[in-house]
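Computed from a predicted structure; not experimentally measured.
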Amino acid sequence: MGKTDGATDSAEKVIRIAGSITVDELAQALGLAVTTLIGELFKNGIVATINQRLDFETAEIMIQELGMTDVKLERKNTASKLSETGQRELSKNAVSRPPVVAVMGHVDHGKTTLLDNLLKKKTVETEAGGITQHISAYQLEHDGRKITFLDTPGHEAFAAIRQHGAMLTDIVVIVVAADDGVKPQTVEAIKFAQGANAKIIVAINKIDREGADVERTKAGLAEHGLMPEEWGGDIIMIPVSAKTGEGLEKLLENLLLVADVEELKADVEIPAEGLVIESHMETGKGSVVNLLVTGGELRVGEFVVAGGVYGKIRTMTDFRGKPKGKAGPSTPVTVTGFKDLPNFGDRFLEYKDEKSARKAALLNAQGAADDAASANVTSMDLLRMMNVEDNSKVFNVIVKGDVLGSVTSVVDSLKLIDTKGEVTLNIVATGVGDVTENDVYMAAGDNTVVYGFNVNVPTNIAKLAARDGVEVRNFRVIYELLDDARSSMEKLLGEEVVETEVGTMDVMGVFRVAKTELIAGGKVTSGKLVPGVMARVMRKKEILGEAEVESVQKEKIDAKELIENEVGGLMMKTEKKILLEVGDKLEFFTREKRQKKLGE
């Protein structure tokens, strides 16, 4: 990766790269001294070394910055990667499999409660703030047939997880509260489901609530392209109550009906394969990984590879923690035995022995390293550095989460905080598990904040952090973490002086002009006049000076205010003499210091 092959014609020079190119290689291809290119990068805020890699877009920007209009950059064709879903052509021996159903919708519309009722288990009370924080996988039986459910987070910060959830899915149940209607995350769920080519069923929940309006909810959904069957469309919409259980039987029946129409099948006479739903470390168990089998049969004792990680399945349990010896297509399981934590969303494959598994994992890891290297200096980095002012601030963070999916979502959500280039977010490191001594050492000395999400901060680590002046902030609800990060970045901006216009007055009489005092009268032409505001003295477009309004009079009696079209007098204090005249205009305003906000 990164090698170039130049092809020159009479009009322009073409440089072809695959993904990324080193500074040295680009300099050679452009016919420049490498020091010249490094200098140009430095001018644009990037301190680069000779072996540092630039992604395609960054290289393109640098060519433009150098004014080389006769040079064109092209991408090399690279081998296509496996699809995220790992789908393959089915053989004639494929057998029917259970449907995989993702439950999506707006936060607090009742997704988890609905599943709890179906599964007769309590989970919502254990979730921080009552909000699902991870993808959870369950399986139940109805009429002797299995259905696999994925409970996906509803908060906007978990868009990355939810999108993976849709990609795993045959059917999406979009839960909409009948008393609240269509919300932004409802629309997002619709788009994800459509993007994943999944069939959609709508569960109109909370019909037992006061203010529930099923027809209004259907109309809201129709506005976003989901037309109910009874209105001539093709979307099944079922009124339900997750609390009382009403309509849930009908929901299950329709899920199986849609599954029958879709003729869902999978091969079982192939090496087991599927996707990583979640992964985390547990004391005494090592890596604990939630998998969804999509093909073949996964068995205890088999070797599997997910991304750059391999292992031998040591234990396997279902979602209730009951041991399983094997798991077929559409089955969610929790396994131990991976040498390390595979990434959320990785595709896993079974291998015949440890040697081949280790080799495959190594090749995958090398490929991932190449991809990471290609983003060593990205176009986003370069553009940000080119646009950020010299007085910009840097907010350094280390993110620790309970599972990889959480870490991914926290990091992605932090990057989405719009700073308008005023503050640079620098992710120093990320990791799964409790905050450690190493995290504190990494954070010490450069004002780095350690964010923990659903993890523990051992007492000795908290003491170490306090001693070294490292801030460790632990959260269980992601939007509270994001609010804290936004507030911290705003504090880096400092205060700003804000002026707010409150009114204007035309001067009709001047009664006293002294060195530090003005007494005048006039008519309020807009807004209002109150004691304590500032006054800007205007003569046509010229500013003569500023004064502070000490008192206001109406009909020669002290007043709290003068409103629009009222006539009255005022006394003002000035720092220097202002020669006020009849016909001048007073603009009243307040001036205060306040914490600057991001993006303002």
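Remark: Arg314 engages Thr336 in a side-chain contact (heavy atoms from CB on, under 4.5 Å) (not counting sequence neighbours). Residues passing the salt bridge (Lys or Arg N to Asp or Glu O under 4.0 Å) test with Glu490 are Lys597, sequence neighbours excluded. The side chain to side chain donor-acceptor pair (under 3.5 Å) search around Thr186 returns none, not counting sequence neighbours. Partners of Lys312 according to the salt bridge (Lys or Arg N to Asp or Glu O under 4.0 Å) rule, which considers only residues two or more places apart in sequence or in another chain, do not exist here. Partners of Asp353 according to the side-chain contact (heavy atoms from CB on, under 4.5 Å) rule, which considers only residues two or more places apart in sequence or in another chain, are Lys355, Ser356. Partners of Lys285 according to the salt bridge (Lys or Arg N to Asp or Glu O under 4.0 Å) rule, which considers only residues two or more places apart in sequence or in another chain, are Glu282. Under the side chain to side chain donor-acceptor pair (under 3.5 Å) criterion, Glu471 pairs with Arg473, not counting sequence neighbours. Evaluation of the side-chain contact (heavy atoms from CB on, under 4.5 Å) rule for Asp179 yields Ala177, Lys206, Arg209 as partners, not counting sequence neighbours. Annotation: side-chain contact (heavy atoms from CB on, under 4.5 Å) contacts of Asp318 (sequence neighbours excluded): Arg320, Lys322, Lys324. With sequence neighbours left out, Asp483 forms a salt bridge (Lys or Arg N to Asp or Glu O under 4.0 Å) with Arg486.
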Evaluate salt bridge (Lys or Arg N to Asp or Glu O under 4.0 Å) for Arg97 paired with Asp170, printing each intermediate quantity in order. CA-CA 11 Å; Arg97 63 172 177 83; Asp170 304 309; 2.7 Å; yes

Worked check of side-chain contact (heavy atoms from CB on, under 4.5 Å) between Val202 and Leu226: CA-CA 9 Å; Val202 177; Leu226 298 189; 4.0 Å; yes

Could you please spell out the steps behind the side-chain contact (heavy atoms from CB on, under 4.5 Å) verdict for Leu255 and Phe149? CA-CA 11 Å; Leu255 287 172; Phe149 284 97; 3.7 Å; yes

List the steps and the verdict of side-chain contact (heavy atoms from CB on, under 4.5 Å) for Leu341 and Val309. CA-CA 7 Å; Leu341 289 178; Val309 181; over 6 Å; no

Working for side-chain contact (heavy atoms from CB on, under 4.5 Å), residues Thr331 and Leu292: CA-CA 6 Å; Thr331 303; Leu292 179 68; 5.9 Å; no

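A side-chain contact (heavy atoms from CB on, under 4.5 Å) with Pro342 is found for exactly one of Leu291, Val305, Val276, namely Val276.
Defined by atom type and a distance below 3.5 Å, a donor-acceptor pair is present between the side-chain atoms of Tyr451 and Asp484. Checked by atom type, the side-chain pair Glu354/Tyr310 shows a donor-acceptor distance below 3.5 Å. In this structure, a donor-acceptor pair under 3.5 Å is present between the side chains of Thr334 and Asn290.
Proximity of Ile174 to Val176: side-chain heavy atoms (C-beta onward) are separated by under 4.5 Å at one or more points. Side-chain contact between Ile201 and Val172 is absent, with no heavy-atom pair separated by less than 4.5 Å. Side-chain contact check for Val304 versus Tyr351: every heavy-atom pair is 4.5 Å or farther apart. Using a 4.5 Å heavy-atom threshold, the side chains of Phe348 and Asp346 count as separate. Phe453 has its side chain within reach of Ile478: a pair of non-hydrogen atoms, C-beta onward, lies under 4.5 Å apart. When side chains are defined from C-beta on, Ile207 does not count as touching Asn205, because their heavy atoms never get closer than 4.5 Å. At least one side-chain heavy atom of Met281 sits less than 4.5 Å from a side-chain heavy atom of Ser287. Counting only heavy atoms from C-beta outward, the side chains of Ile427 and Leu414 approach each other to under 4.5 Å.
Val240 and Ala203 get closest at one heavy-atom pair: CG2-CB, 4.1 Å. The minimum heavy-atom distance between His280 and Val403, with the atom names listed, is CB-CG1, 3.3 Å. Scanning both residues, Phe303 and Ala357, for their nearest heavy atoms gives CB-CB, 4.1 Å. Between Val435 and Val457, the closest heavy-atom pair is CG2-CG2, 4.0 Å. Of all heavy-atom pairs between Thr148 and Gln139, the closest is OG1-NE2, 2.8 Å. Minimum heavy-atom separation, Val470 to Ala443: CG1-CB, 3.6 Å.
Under a 3.5 Å cut-off, the side chain of Ser279 and the backbone N or O of Val289 do not form any donor-acceptor pair. Looking at Glu350, its side chain does come within 3.5 Å of a backbone N or O of Ala272 through a donor-acceptor pair. The backbone N or O of Gly181 lies less than 3.5 Å from no partner atom in the side chain of Thr217, so there is not a single donor-acceptor pair.
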If you look only at distance, which donor and acceptor atoms sit under 3.5 Å apart when one is on a side chain in residues 462-469 and the other is two or more places apart or in another chain?
none

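Atom CZ in Phe475 sits 12.0 Å away from atom CG in Asn454 (nearest 0.5 Å). To the nearest 0.5 angstrom, Lys146 atom NZ is 6.0 Å from Glu141 atom CD. In this structure, CG in Leu349 is found 6.0 Å from CD in Glu273, a value given to the nearest 0.5 Å. Between Asn396 atom CG and Leu425 atom CG the span is 8.5 Å, to the nearest 0.5 Å. Here the CD1-OG1 distance, from Ile461 to Thr459, works out to 9.5 Å after rounding to the nearest 0.5 Å. Taking CG of Asn474 as the start and CG of Asn456 as the end, the distance is 7.5 Å to the nearest 0.5 Å.
Evaluation of the side chain to side chain donor-acceptor pair (under 3.5 Å) test over residues 427-445, restricted to residues two or more places apart or in two chains, returns Lys400-Asp439, Thr436-Asp439, Glu437-Tyr441.
Counting non-hydrogen atoms of neighbouring residues, nucleotides and ligands closer than 6.0 angstrom, the CG atom of Asn426 exceeds 12 such neighbours.
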